[in-house]
Amino acid sequence: MKMIAVRDLRHRYGGVEAVNGISFEVAAGEVFGLLGPNGAGKTTTLESILGLIAPDQGEIAVAGIDIRADMRAAAAKTGAVLQATGLQDKITPREALNLFAAFYPAPLGTEDLLSRFGLVEKADARFETLSGGQKQRLALALAFIGDPLVLLMDEPTAGLDPQMRREVQDHILAMKDNGRAILLATHDMEEAARLCDRVAVIARGRIVATGTPHQLMAEHGGTLDDVILRLAPP
Amino acid sequence: MSALRALTTVSLKLNFRNRMALLYGYLFPLIFLVAFWAVYRNDPVPLALHVGQFLTITILGSACFGLPTTIVAERERGVWRRYALMPVGHWVFVAAILLARAALLLTAALLQLALAFGLGLPVPTHPASLFMAFATASAAFLAFGMVIAMLVDTVPAVQALGQCIFLPMLMIGGVAVRLESLPNWAQHLSAFFPGRYAVEALQRAATGNGDAGFNFLALSLIAAAGAIAATAMFRWDKAIRPRRGWLLLAVGIWLAVGILAEWRGRVMVSQAEDRRDVGTATDYVAAKPAPSTTPTTSWRDVTDTEIDGVAFDRLPPDQGIVSPVSRSDETPDPALQPGLDRIRDTLPGWAPGNVADPVQRARNLLAIAAVPDILQMEQFERFVPRLVFARLQTVIPPRELPKILYWIALHPDDGDDNAVHQLAALGLPDISGSPKPVRGRIMIYAFKLLGRLSGHRSAN
């Protein structure tokens with residue numbers, strides 16, 4: 001089943017065409033990567049699927065639900081790790097997870113998530129005292145709390161040390177193995193190569209190439225970085 | 001409902017973990033209360049007359065600063081952007097933050113009232129009306145607080161805009177400075193600020209007859225318009241531009257309510273007057289039967305024994321509210337000096353102070369001290385009596401003055417009141433209404449000077 005279906009998505013910011021006719025699908029148990037330079041349209045695409053942006057045109061379905069018809073039902077099946085989201089300084093991981101659990105009909109257990117994301121020792125510490133890695137793990141735990149069928153992630157490992165990056169990637173792969181559909185926007189080509197079953201290269205609001213990382217490297221030569229630089233120069 | 005409960009609980013918890021929020025939410029209202037209590041000279045009755053003011057300040061502070069600061073700070077750090085992804089209605093987030101704020105506001109007000117009762121505040125005459133007035137005023141201002149939160153992007157901007165609304169409302173909106181003390185133009189202007197309607201509604205419930213129909217109407221309209229505007233302007237993310245056009249509705253209703261108030265002729269408030277009864281002359285005579293059993297027929301017959309029979313210790317203190325007199329070593333504020341100089345310089349030529357009858361002359365001069373006291377001319381009223389005392393000692397022979405003062409004090413209803421309406425020449429305002437309060441203050445000031453002249457009261 002196609003868990004994410006985007007067709008002919010278009011959105012302008014003033015006179016700038018941020019997204020210009022993007023279409024793709026993501027299946028259950030698949031990690032689909034959106035690759036491209038800053039300003040290519042990756043974040044606009046993600047935020048349109050999440051309902052944060054009302055696109056000018058296009059159709060979006062999540063888990064078979066047209067988001068324009070029932071955004072709330074779609075949101076119940078979606079988890080997200082976005083840039084520029086935060087939490088209150090004084091909230092604790094346990095309180096945050098309990099709070100966000102209250103928003104979903106069948107949430108996962110708070111204690112289970114604290115354990116899975118290595119936050120047990122920091123469960124009652126205030127958010128302001130957590131390290132960058134701990135904050136990012138909490139962001140992932142919050143994305144997972146609703147037991148989503150679909151996960152959207154915008155640079156989920158940005159700013160993490162290599163060990164923590166590897167841990168987060170392992171969590172994403174575990175979700176994939178669990179049959180979840182994952183849409184990942186990233187700059188990190190190594191990460192894309194490790195995690196993504198397929199990728200789409202976006203340049204100036206359009207998808208300019210789609211395929212598995214290996215297909216793209218074979219087709220265009222060089223590493224995935226070389227492919228991106230060639231197809232979507234900054 | 002579990003989402004609403006969870007959010008409200010977390011909002012409250014986070015507020016109690018924030019020292020600044022506690023300071024602004026709970027300590028500042030108490031400081032304002034103590035300030036009102038101290039300013040009005042520790043008298044429980046004046047404190048009761050300021051219930052509307054100190055409760056309105058609490059509501060205003062919460063609405064102009066507390067609520068929008070919380071929302072804008074959370075939105076700035078992306079908390080609301082995260083909330084926007086949740087599968088619950090957007091109203092849940094707004095309702096939770098308003099419920100939490102209402103709970104904080106109510107507890108702050110209860111704490112304020114508890115301290116006020118401790119300081120001698122009488123029980124409100126209409127407790128249910130007081131709660132209703134508090135709820136309606138809170139709704140009006142919290143709705144506007146939401147508008148502020150939707151309008152601005154940063155916490156410093158909340159502080160700046162909040163001050164732009166808070167301070168004018170305090171100073172010329174009838175909230176911190178009473179309407180009665182404001183000049184006419186400011187009273188008209190205050191009709192366009194919601195603060196005065198909150199003060200009036202709360203005050204009428206606390207000490208009045210509870211009838212505050214127009215105030216409830218004004219506050220309800222302001223609450224409805226603010227809620228509609230805030231809903232229309234709602235945004236999860238500061239990157240989304242606010243729909244500023246709706247601000248016209250939120251502020252336009254202030255204008256509409258002000259016009260309605262002007263049209264209904266309920267804007268102007270008469271000047272504050274302290275017309276409290278100071279009792280009768282016999283209240284200040286130690287041996288009460290003495291004056292009546294041995295009645296004198298003329299001021300010339302007054303004896304030292306009669307003067308010694310006055311209970312000078314029963315007179316209001318010189319540093320009190322009624323008939324204050326400055327200490328001899330006190331220097332008036334430089335701002336008061338021109339007014340005092342004018343009285344001193346004009347007094348020799350002031351006709352009522354030179355009439356032939358020495359009793360009426362003294363009575364007329366004492367009126368100069370009595371009227372500013374009635375009108376509560378703050379610091380001014382304390383320095384005028386000393387000018388009057390000096391003038392009396394100049395224009396009336398020393399052997400006659402004690403007898404005349406005693407006579408005036410014991411016969412407060414004698415003589416005429418024409419001098420009261422000739423004070424403009426001295427730069428003092430006119431006073432209307434019953435002459436009885438003025439005559440009462442003339443009596444007290446006559447006793448006070450008599451006490452000084454006879455050595456029964458300190459000349460300081």
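When heavy atoms are compared at a cutoff of 4.5 Å, B:V88 approaches chain A by way of both its backbone and its side chain. Within the 4.5 angstrom heavy-atom criterion, atoms from both the backbone and the side chain of A:D89 approach chain B. Of the two parts of B:F93, only the side chain, counted from C-beta on, holds a non-hydrogen atom closer than 4.5 Å to a non-hydrogen atom of chain A.
Here the OG-CG distance, from B:S2 to A:N98, works out to 11.5 Å after rounding to the nearest 0.5 Å. Here the CD atom belonging to A:E47 is positioned 9.0 Å from the CG atom belonging to B:L85, to the nearest 0.5 angstrom. Note: A:I91 CD1 to B:R17 CZ = 7.5 Å, rounded to the nearest 0.5 Å. Here CG of B:N15 is found 11.5 Å from CD of A:Q88. Values are rounded to the nearest 0.5 Å. Annotation: the span from B:M86 atom CE to A:T78 atom OG1 amounts to 10.0 Å, rounded to 0.5 Å.
Heavy-atom contacts from other residues, nucleotides or ligands closer than 6.0 Å to OH of B:Y24 number 12 or fewer. By the 6.0 Å contact criterion, CZ on A:R206 is open, its count of non-hydrogen atoms from other residues, nucleotides or ligands being 12 or less. Within 6.0 Å of CZ in B:F131 there are 12 or fewer heavy atoms belonging to other residues, nucleotides or ligands. Other residues, nucleotides and ligands place more than 12 heavy atoms under 6.0 Å from the NZ atom of A:K176. When the shell of 6.0 Å around CE of B:M132 is examined, it contains 12 or fewer heavy atoms from other residues, nucleotides or ligands.
Counting heavy-atom pairs closer than 4.5 Å to chain B, the top residue among A:L50, A:L87, A:L142 is A:L87. In terms of non-hydrogen atom pairs under 4.5 Å with chain A, the most contact-rich of B:W236, B:Y83, B:W80 is B:Y83. Comparing B:G89, B:A239, B:A84, B:A73 by how many heavy-atom pairs each has under 4.5 Å with chain A, the most go to B:G89.
In terms of heavy-atom proximity, B:A3 sits nearest to A:A102 at CB-O, 3.7 Å. Residues A:G86 and B:R82 approach most closely at O-NE, 3.3 Å, considering heavy atoms.
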